[in-house]
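Here is the structure we will look at.
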Amino acid sequence: MSTVIGIDLGTTNSCIAVVEGGQPTVVANRGGYKTTPSMLAITEAGKRLVGHIAKRQAVTNAEHTVYAAKRLIGRKWNSPQVQNAVANCSYRIVEGPHDDVRIQLRNKVYSVPEISAMILQEMKMIAEDFLDHEVEKAVITVPAYFNDAQRQATKDAGTIAGLDVIRIINEPTAAALAYGYTRKSDMTIAVYDLGGGTFDISILEISSAGVFKVISTAGDTYLGGEDFDLRILGWLVDNFSQEHGIDLREDRMALQRLKDAAEKAKCELSAMVETEVNLPFIISGERNEALHLQCVLTRSHLESLCDDLVQRTVETCKQTLDEAGLEKSEIDEVLLVGGMTRMPLVQQAVADFFEREPSKGVHPDEVVALGASVQGRSLIEENSHMILLDVTPHTLGIMVIGGYFEELIPLNTTVPTSSSKVFTTVRDNQTAVKILVMQGESRRAEENELLGEFILTGLRRARSGEVEIDVTFEINADGIVSVRAKDLETGMEQSITVTATSGLTEDEIKSMVAEARNFALTTREQEAAEGIKQEADKLIKQIEQLFPEVERVVAGSDFGRDAIGKAREVVKLSYSLVEKGDTDALAEQIDALSRTLRMFRGVVGKVG
């Protein structure tokens with residue numbers, strides 16, 4: 001059976017898991033960490049850095065280090081969220097050729113799926129190192145409230161990274177899968193998921209038979225830890241501006257230092273009641289003197305800065321519970337998922353709303369990846385008893401006369417599903433109708449997202465309202481939307497399968513896939529070469545340490561002098577190959593080094 005990896009592609013950190021021996025397991029990266037920062041940097045020399053190594057150099061390379069790219073994926077350039085990021089991020093965000101978002105690093109412009117693909121490719125390589133074989137299939141998680149474009153952009157990122165993304169699943173649903181995987185009882189749970197960039201709340205029913213049914217879901221794809229950091233950052237900037245008359249946002253390196261300090265202070269205040277923010281030499285003043293930023297932030301002040309953000313999540317919880325038609329007392333467990341749920345204010349708000357202490361039975365940073373791996377395993381198992389019934393997070397419908405939005409499939413409808421409505425023509429002698437397929441919650445069509453459009457022609461000329469057209473929406477298990485319009489009188493029909501776009505053309509994706517594949521091949525070759533070099537260095541050092549003892553043992557022996565001479569030639573040639581970087585020849589030379597070391601140890605061992 002092939003291995004399917006589960007990836008939580010997070011705003012702040014990413015995590016990867018596999019099911020081994022029936023048990024979902026988080027895979028640690030090369031540094032031994034179970035999560036990897038979702039950060040990418042391009043150095044001055046053009047080298048790509050991902051994860052912890054990218055985070056460590058972010059301050060000195062602020063303009064060319066990307067963080068929180070997930071908040072931009074699948075969005076249009078003119079959206080308020082993107083413009084907010086343009087104003088607050090230390091890296092350059094630019095408009096793409098398809099009204100999409102691009103990021104400029106050094107002298108190259110990257111799409112957001114391409115940036116995410118580089119992080120996914122790193123996760124893929126971590127899994128392959130752990131499993132010791134190539135990985136092709138993956139389940140990747142997304143916020144439940146992601147729209148079609150954001151989901152497709154995430155899937156494109158997986159494709160660029162060389163992964164066959166067999167399913168995109170919602171993060172709260174994945175957390176529920178991990179939580180209920182080994183439990184054999186019926187329960188209703190709420191998953192409160194507040195991560196680095198997004199917020200979701202989902203209500204699910206879990207049955208002892210292994211059926212996971214989502215009842216309702218809602219969220220905010222631009223609300224998370226980044227916003228809490230920005231509140232602290234804004235407070236620091238305002239204080240500094242009042243004292244020195246300088247806006248630190250104008251300096252990219254200072255902005256990155258502020259962001260790091262804000263995140264650090266936020267994390268520390270989950271355990272302490274106050275913390276000091278101390279940033280020496282943050283910027284130069286008018287007379288070129290070094291200025292410092294130093295202040296104390298208390299937990300209570302942080303809570304006052306961010307209380308409205310937490311209350312936004314509570315309002316969404318209330319909405320979701322109402323849509324589920326449940327009382328708080330009917331919720332058996334409340335799961336806290338995402339790093340921001342460590343904040344005491346968040347925990348207290350959740351406990352107050354649901355009138356119960358939330359469960360501490362899952363790891364907030366790892367549970368989503370674990371659930372993704374469980375889903376991946378169930379998709380390839382022939383006799384899997386696990387059934388996942390998810391919902392559509394947005395209302396689907398069409399635009400009707402007056403610019404209004406007519407709903408066909410309400411949000412929180414279990415998929416797969418279908419729905420039909422009969423519409424009529426609005427003008428006399430109308431021979432064609434344009435069907436505008438839309439997604440959103442506003443009564444005004446223009447405020448919703450256009451998914452696709454098509455035209456039904458050949459209608460009978462008649463007075464307005466006489467020709468009836470049946471419009472049918474269908475959503476399959478993968479969330480793909482199909483829309484069909486049929487003239488009930490003639491049977492004439494037209495249809496469309498709504499294919500979301502990430503803003504990338506097919507040619508762009510193919511080019512990025514090839515580039516990513518070449519990068520992976522080069523990286524593997526470099527890692528292999530480095531491994532050979534390290535092995536040769538180790539053997540050389542061990543041989544050199546034994547030279548004095550061997551020379552003492554074989555002193556005066558012609559055989560001994562000859563053996564030592566040959567050993568010196570082997571070491572000299574090895575040094576030369578290491579300096580030249582000739583790893584192919586060095587790989588062959590390792591055999592000669594190993595034989596020499598065995599001989600030396602044999603000589604010393606006999607005497608001992």
Side-chain angles (χ1 to χ4, degrees), residues 11-13 37-41 43-44 49 52-69 71 83-93 105 196-197 222-310 339-340 342-346:
T11 305
T12 307
N13 294 295
S38 301
M39 296 180 71
L40 165 83
T43 67
E44 196 171 350
L49 307 176
H52 290 281
I53 192 169
K55 186 171 184 176
R56 283 194 288 268
Q57 55 82 74
V59 169
T60 56
N61 188 26
E63 192 174 340
H64 306 289
T65 301
V66 182
Y67 55 86
R71 305 241 287 181
Q83 296 311 307
N84 175 271
V86 170
N88 288 293
C89 288
S90 56
Y91 53 90
R92 294 189 183 277
I93 302 170
L105 302 174
Y222 209 84
L223 173 59
E226 291 285 327
D227 300 291
F228 289 74
D229 295 346
L230 286 174
R231 291 292 174 87
I232 302 172
L233 188 150
W235 177 73
L236 295 171
V237 167
D238 290 345
N239 284 352
F240 194 85
S241 179
Q242 288 174 13
E243 186 177 350
H244 299 288
I246 296 174
D247 185 356
L248 291 174
R249 286 191 179 93
E250 301 298 320
D251 186 289
R252 290 182 184 272
M253 185 180 290
L255 186 62
Q256 184 62 46
R257 288 183 70 189
L258 284 167
K259 185 184 182 305
D260 288 353
E263 182 183 8
K264 181 173 179 285
K266 176 190 70 179
C267 294
E268 287 176 349
L269 289 173
S270 289
M272 302 186 297
V273 294
E274 69 175 38
T275 186
E276 183 182 51
V277 179
N278 188 358
L279 296 173
F281 310 106
I282 186 73
I283 204 165
S284 296
E286 289 182 1
R287 294 186 296 276
N288 212 31
E289 77 279 20
L291 300 178
H292 318 292
L293 186 153
Q294 187 173 12
C295 59
V296 172
L297 178 62
T298 65
R299 181 189 291 179
S300 61
H301 190 62
L302 170 63
E303 291 177 349
S304 69
L305 288 172
C306 302
D307 184 65
D308 64 308
L309 299 176
V310 177
M340 274 310 303
R342 291 185 172 90
M343 186 177 187
L345 178 66
V346 171

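Bear in mind the structure is a predicted one, so any value in this text is a computation, not a measurement.
Residues Asn88 and Arg249 have side chains in contact (heavy-atom distance under 4.5 Å, counting atoms from C-beta outward). Looking at heavy atoms from C-beta onward, Lys259 lies in side-chain contact with Glu226 at the 4.5 angstrom threshold. Within the 4.5 Å cutoff, side-chain heavy atoms of Glu263 are placed close to those of Thr12. With contacts defined as side-chain heavy-atom distances shorter than 4.5 Å, the pair Ile282/Phe240 qualifies. Using a 4.5 Å cut-off on side-chain heavy atoms (C-beta onward), Leu302 and Met343 make contact. Side-chain contact between Tyr91 and Leu255 is absent, with no heavy-atom pair separated by less than 4.5 Å. Counting only heavy atoms from C-beta outward, the side chains of Asp308 and Arg231 approach each other to under 4.5 Å.
Here the OG1-CG distance, from Thr298 to Leu269, works out to 7.5 Å after rounding to the nearest 0.5 Å. Rounding to the nearest 0.5 angstrom, the gap separating the OG1 atom in Thr11 from the CZ atom in Arg71 is 7.0 Å. Summarising the geometry, atom CE belonging to Met39 is positioned 11.0 Å from atom CZ belonging to Arg56; distances are rounded to the nearest 0.5 Å. Once rounded to the nearest 0.5 Å, the distance linking CG of Leu293 with CG of Asn278 reads 8.0 Å. Atoms CG and SG, from Leu230 and Cys89 in turn, are 8.0 Å apart once rounded to the nearest 0.5 Å. Going from atom CG of Asp238 over to atom CG of Asp247 covers 8.5 Å, rounded to the nearest 0.5 Å.
Nearest heavy-atom pair, Asn61 versus Thr43, reported as atom, atom and distance to 0.1 Å: ND2-CA, 4.2 Å. The minimum heavy-atom distance between Ala265 and Thr275, with the atom names listed, is CB-CG2, 3.8 Å. Across every non-hydrogen atom of Leu236 and Cys295, the tightest pair is CD2-SG, 3.5 Å. Minimum heavy-atom separation, Tyr67 to Ser90: OH-N, 3.4 Å. Between Ala62 and Gln256, the shortest heavy-atom distance links the atoms CB-CB, 3.7 Å. The nearest pair of heavy atoms linking Val296 to Trp235 is O-CH2, 3.6 Å.
Residues satisfying the ring-ring contact (aromatic ring centres under 6.0 Å, His included) test with Tyr222, not counting sequence neighbours, are none.
The environment of CD in Glu289 is crowded: more than 12 heavy-atom neighbours from other residues, nucleotides or ligands sit within 6.0 Å.
Judged by distance alone, with hydrogens and angles left aside, the side-chain atoms of Arg252 form no donor-acceptor pair with the main-chain N or O of Glu63 at under 3.5 Å.
Ionic pairing of Asp251 and Arg257 is not present here: no N-O contact between side-chain nitrogen and carboxylate oxygen is shorter than 4.0 angstrom.
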